[in-house]
Amino acid sequence: MFRSAILLAVALSIATPTFAQSAATRPDDVNAFRASVAAVRFDPSGVAYDSAPATNRVPRREMSTGKRVLWTSLAGLGGFFAGGYIGAAIDGDCGGCDDPGFKGFLIGLPIGTAAAAITTWILTGK
């Protein structure tokens, strides 16, 4: 890939000699570049900014704290049961014990609750 790019550049420079000329042999290009650089202004005093807000933007609705707490609580409740179910499924069979999956259920409850509640609180934030 790199070799073919070099060969293409060499072929173009041989086929069209203007590509191979240096900037020193083309004073018109150098003067045009210098003139364009000299025309650039770096001070912000000449820049006019539009302070009016854009009219095509839709304002973002902010959720009230009460609604945020409600949605976070509902998500935490759902995460409570989902975490318990997933934990019991991961723990699975314990090989003849009287409560298969119960330890995984107990471990999954707080993990699912915390994950769902934190994620919902962050996503419904301002």
Side-chain angles (χ1 to χ4, degrees):
M1 178 72 182
F2 183 67
R3 212 184 288 179
S4 61
I6 292 174
L7 290 175
L8 179 64
V10 169
L12 286 175
S13 66
I14 292 171
T16 55
T18 57
F19 287 149
Q21 290 178 352
S22 67
T25 60
R26 296 181 293 188
D28 295 335
D29 292 341
V30 173
N31 290 335
F33 178 73
R34 287 181 182 158
S36 67
V37 170
V40 175
R41 292 188 58 177
F42 293 102
D43 60 335
S45 62
V47 180
Y49 293 103
D50 185 18
S51 60
T55 57
N56 58 354
R57 292 186 188 170
V58 177
R60 184 176 175 194
R61 295 182 191 169
E62 293 184 10
M63 189 176 288
S64 69
T65 304
K67 285 184 181 180
R68 259 181 105 182
V69 169
L70 174 71
W71 283 110
T72 302
S73 301
L74 290 174
L77 183 65
F80 180 80
F81 292 111
Y85 180 79
I86 293 170
I90 289 173
D91 189 29
D93 234 0
C94 62
C97 61
D98 59 347
D99 52 2
F102 186 67
K103 184 174 81 172
F105 177 77
L106 290 178
I107 293 172
L109 289 177
I111 294 173
T113 303
I118 290 171
T119 304
T120 305
W121 185 261
I122 290 171
L123 292 178
T124 59
K126 297 178 182 176

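Along the sequence shown, the residues carry numbers beginning at 1. The figures here come from the full heavy-atom set of this structure, side chains too, leaving out hydrogens, waters and symmetry mates. Predicted, not measured: the structure shown is a model, and the values here were computed from it.
- When all heavy atoms of Ala75 and Ala116 are compared, the closest pair comes out as O-CB, 3.2 Å.
- Between Phe102 atom CZ and Ile107 atom CD1 the span is 11.0 Å, to the nearest 0.5 Å.
- Within 6.0 Å of CH2 in Trp121 there are more than 12 heavy atoms belonging to other residues, nucleotides or ligands.
- Distance check, rounded to the nearest 0.5 Å: CZ of Phe80 to CG of Leu109 gives 4.5 Å.
- With values rounded to the nearest 0.5 angstrom, Ile86 atom CD1 is found 13.5 Å from Asp91 atom CG.
- If you chain together hydrophobic residues whose side chains sit under 4.5 Å apart, Phe105 and Phe81 fall into the same group.
- Interatomic distance, CG of Leu123 versus OG1 of Thr72, reported as 9.5 Å (0.5 Å rounding).
- Linking ILVMFWY side-chain heavy atoms closer than 4.5 Å, directly or via other members, places Ile118 and Val69 in two distinct hydrophobic clusters.
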